[in-house]
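Side chains are part of it too, since the values below use all heavy atoms of this structure and drop only hydrogens, waters and symmetry mates. Only a predicted model underlies this, so the values are computations on that prediction, with no experimental measurement involved.
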Amino acid sequence: MKIGSVNTDNNVFLAPMAGITDAVFRSLCKEMGCGVVFSEMVSAKGMSHRNRNTQKMLYVGEEERPAAMQLFGSDPEIMGAMATELNAFPEIDILDINMGCPAPKIVRNGEGSALSLDPELAGRVIYAVAQNSDKPVTVKIRKGFDDEHINAVEMAKTAEKNGAAAVTLHGRTREQYYSGKADWDIIARTKDALKRIPLIGNGDIFTPEDAKKMLEYTGCDAVMIGRGAQGNPWIFRRTVHYLETGELLALPTAEERIDMAARHLKMLTQYKGEVIGVREMRKHIGWYIKGLPRSAETRVRVNSTTGYENMQNLLQELKETLKEKQNV
């Protein structure tokens, strides 16, 4: 499919997730067949203040492309100015505007999903970014703020009218966060309402079969996978293959999962340094080993382990233990 001028490899995308979809995780998902990777959200204000941590988040590796950088903010002038600055980043193919983040700190600032309560301001933000960006602009929204404010269709049409090249819709309200079930009916209604641009569906895709069901049920043009990719970059290869052939590839083995965790750990410590890399890998390792024998016990040890060598040794020990169990 196409998003503006950008050709995607397929229609199975990685969702932007704060603290998770950094350059390392994105590259692993891309290697596994992801059509477009989306960055964790970047503050436009942080960019404008030249915040060092924010600047680091703008890095995109050539191997990730096509890649989308997600910006958040509610000031049209600042958002437009930062869109202009990002024109100088050739590795970034798409700018995505976050209008769906449910985090209290973001919402209190009138950003993220709070913008769904002010569609007029949301439209001005989208217009400012689209007018100043050389790259296609996409917008990520939710079903609404709460059950009294269900306005995904209005927000999507506002995005289309103000220059967005695509919209992503998560079928939950802000008040739901990630609880309950995603509403695929609102995705179908929103798809019907858009006339010129594609809709990307998001919410409750944990298997290749889920992706196919969403595409068929809602008519959306692409699917975006978030929590289903945590500890599971293989979901992209398996989903793309299933959509193309109807054949389900085997799930990764325990050994493959541990080996990927070890590789992810090595890449992350090289990218962010040993202390930060090991600390941030704890949650990823927990996801990689979920459901394996001794996973609960291992997670406790993972969360108290420091140092790259110690963490790699722990993973190797788990791998050897599982091999011994198989050979008994």
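Formation of a donor-acceptor pair under 3.5 Å by the W287 side chain with backbone atoms of R227 is not found in this model. Counting only distance, with no hydrogens or angles, the side chain of N162 and the backbone of I126 share no donor-acceptor pair below 3.5 Å. No side-chain donor-acceptor contact under 3.5 Å links R237 to the backbone of M32. Without hydrogens or angle criteria, N310 side chain to T306 main chain gives a donor-acceptor distance under 3.5 Å. Judged purely by atom type and a 3.5 angstrom limit, D146 uses its side chain to pair as donor or acceptor with the backbone of E148. Judged purely by atom type and a 3.5 angstrom limit, S133 has no side-chain atom pairing as donor or acceptor with the backbone of V129. Checked by atom type and distance alone, the side chain of E40 pairs as donor or acceptor with a backbone atom of G19 at under 3.5 Å. Of the possible polar contacts, none joining the E216 side chain to the K213 backbone as a donor-acceptor pair under 3.5 Å is found. Judged by distance alone, with hydrogens and angles left aside, the side-chain atoms of R124 form no donor-acceptor pair with the main-chain N or O of P76 at under 3.5 Å. A donor-acceptor contact shorter than 3.5 Å links the side chain of R196 to the backbone of E160.
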Using distance only, find each side-chain donor-acceptor pair of residues 186-194 under 3.5 Å and give its atom names and separation, not counting sequence neighbours.
residue	atom	partner	partner atom	Å
T190	OG1	I186	O	2.7
K191	NZ	D221	OD1	3.2
K191	NZ	D221	OD2	2.8

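Looking only at atom types and distance, the side chain of Q312 has no donor-acceptor partner in the side chain of Q316 under 3.5 Å away. A donor and an acceptor atom, one from each side chain of N202 and K140, are located under 3.5 Å apart. Defined by atom type and a distance below 3.5 Å, a donor-acceptor pair is present between the side-chain atoms of Y217 and D185.
The distance from atom NZ of K319 to atom CG of L314, rounded to the nearest 0.5 Å, is 14.0 Å. Taken from CD in E309 to CD in E274, the straight-line distance is 8.0 Å, to the nearest 0.5 Å.
In the hydrophobic clustering, L248 connects to Y242, either directly or through intervening members, whenever side-chain heavy atoms lie under 4.5 Å apart.
A side chain to side chain donor-acceptor pair (under 3.5 Å) check over residues 70-90, counting only residues at least two apart or in different chains, returns the pairs R50-E85, Q70-D96, Q70-N98, T84-N132. Annotation: side chain to side chain donor-acceptor pair (under 3.5 Å) contacts involving residues 2-15, sequence neighbours excluded, comprise D9-K30.
Among residues two or more places apart in sequence or in another chain, the side-chain hydrogen bond (donor to acceptor under 3.5 Å, both in side chains) test is passed with R294 by E297, T321. Remark: E63 pairs with no residue by the side-chain hydrogen bond (donor to acceptor under 3.5 Å, both in side chains) rule, at least two apart or across chains.
Annotation: cation-pi geometry not satisfied between R238 and F206 (NZ/CZ under 6.0 angstrom from ring centroid, within 45° of ring axis).
Listed here is the closest heavy atom pair of V107 and S113: CG2-OG, 3.5 Å.
Looking at E175 and K143, no side-chain N of the basic residue comes within less than 4.0 Å of a carboxylate O on the acidic one, giving no salt bridge.
Cluster annotation: I197 and I97 are assigned to the same hydrophobic cluster (Ile/Leu/Val/Met/Phe/Trp/Tyr, side-chain heavy-atom contacts under 4.5 Å, transitive). V302 and Y308 fall within the same hydrophobic cluster, defined by Ile, Leu, Val, Met, Phe, Trp and Tyr side-chain heavy atoms under 4.5 Å apart, directly or through other members.
H264 and Y288 have perpendicular rings, their planes meeting at more than 60° on a 0 to 90° scale where under 30° would count as parallel.
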